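Structure first, then comments.
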Amino acid sequence: MVSLKTVFATLAAAIGANAAAGSLQQVTGSFGTNPNNVGFYYYKPANLPAKPALIVAIHYCTGSAQAYFSGTQYANLADTNKYIVIYPDSPRSGKCFDVHSPQTLSHNGGGDSQGIASMVAYAISTWGVDAGRVFVTGSSSGAMMTNVMAGSYPNLFQAASAYSGVPFACFAGSGEWNSSCANGQTSKTGPQWGDLVRAAYPGYSGPRPRMMLWHGTADTTLYYANLQQEILEWTNVLGVSSTPTTTTQNDPQSSYTHTAYGCVVQAYSGAGVGHTVPVHESIDLQWFGITAGGPSCVGGTTTTTTNGVTTTTNGVTTTTPTTSQTTTTTTTTSGGATAPHWGQCGGQGWTGPTVCAAPYTCQYSNAWYSQCL
Ligand SMILES: *[C@@H]1O[C@H](CO)[C@@H](O)[C@H](O)[C@H]1NC(C)=O
């Protein structure tokens, strides 16, 4: 068991300070179903327009609403860009969020996720938030919770950005900590992950949030392998190939690699970066469409599905599977050759086989190397 206090204490120190014009507020009365009593804090800048956007920003273990409010730039950027920020506050002494219970991992099933969903509903009905511009982000435990919110409440959010998290349901069935998942030893296929997300809200066929994922290769708290598992999960859920459509070095800064999966999943790997990936608030705002710009992406994917629903996002046609994945990619391999156990099967510049000899599967290690394991 990792000492959460030791591990996460450094996060607070490493995240920069904000200088918002106003202060953090709290909703103390009842605001909807909130079985675990997650704290409801928010920042509402002056002179909001009608129908402002909303960002839910979720803190790390040992953190708090106040710490994430003062340690990130979402609030002072809200002063200029005129949106509301909600900062949920963990009700537990260790200040982690519940990312493991069956309740939190299901739509309207209870748990921390339902408390946060109730905050969003309150913001829409009480403050006039634009229900079509609601976003979620967080660091570490908050990033895991970002994955949970995207899975359990896909109807509420248009986009998400998760800093150093794990896939939705990776902690399922455990207590507050799951070493196998945290250490990057839990691996599933895209369809398996996707089925876990779809099971959270059976019968839901509406749009789901676009997903941006950040992770450091030197993360020893929630290991880097979790990034690829998140990519497998959300590319499956959003119906795009898990093979990047573009790979850009030194984006958005030196030693980061940006991979795009159509226009709906974006991943940033920080080479040598540990668990504390600096929050890139201005990129999040672009990804959320609050400010102009945003990651360039190429939508034309080679993914086809046979039993899905076809939708168009950002001018890109994507197909969302309704049941277990039936994705076929048209990636060409070298004459049908397969790579052996332990052999390389992918990576930037790799021209050899991308399919592994049975029963091995091609597992992503980093942008330059995938291996048959
Ligand atoms: C960790 O989570 C996985 C699901 O990803 C679950 O199968 C496993 O039982 C959990 N481990 C513990 C020790 O609870």
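Note that these values count all heavy atoms, side chains included, but never hydrogens, waters or copies made by symmetry. Remember, it's 1-based here, ligands and their atoms both numbered in the order they're listed. Quick caveat: nothing in here was measured; it's all calculated off a predicted structure.
There is a protein heavy atom less than 4.0 angstrom from atom 4 (C) of ligand 1. Note that atom 9 (O) of ligand 1 has no protein non-hydrogen atoms nearby, at separations under 4.0 angstrom.
Annotation for Arg198 and Pro191: closest pair NH2-O, 3.8 Å, computed over non-hydrogen atoms.
In the candidate list Gly175, Ser180, Ala172, Ala172 is nearest to atom 7 (O) of ligand 1, counting heavy atoms.
Annotation for ligand 1: atoms under 4.0 Å from non-hydrogen atoms of Thr186 are 5 (O). Residue contact check: Ala169 has heavy atoms under 4.0 Å from atoms 5 (O) of ligand 1. Interface of Cys170 with ligand 1, defined as ligand atoms under 4.0 Å from a residue heavy atom, comprises 2 (O), 3 (C), 4 (C), 5 (O).
The closest protein non-hydrogen atom to atom 2 (O) of ligand 1 is Asn178 ND2, 2.2 Å. Closest protein heavy atom to atom 13 (C) of ligand 1: Ser174 CB, 4.7 Å.
Between Ser140 and His275, the side chains place a donor N or O and an acceptor N or O closer than 3.5 Å (distance only, hydrogens not considered). For Asn34 and Tyr122, the side-chain atoms include no donor-acceptor pair closer than 3.5 Å. Counting only N and O atoms by type, the side chains of Gln229 and Trp193 include a donor and acceptor under 3.5 Å apart.
Looking only at distances, a side-chain donor or acceptor of Ser106 sits under 3.5 Å from a matching main-chain atom of Gln103.
Phe171 has its ring centre less than 6.0 Å from the ring centre of Trp177.
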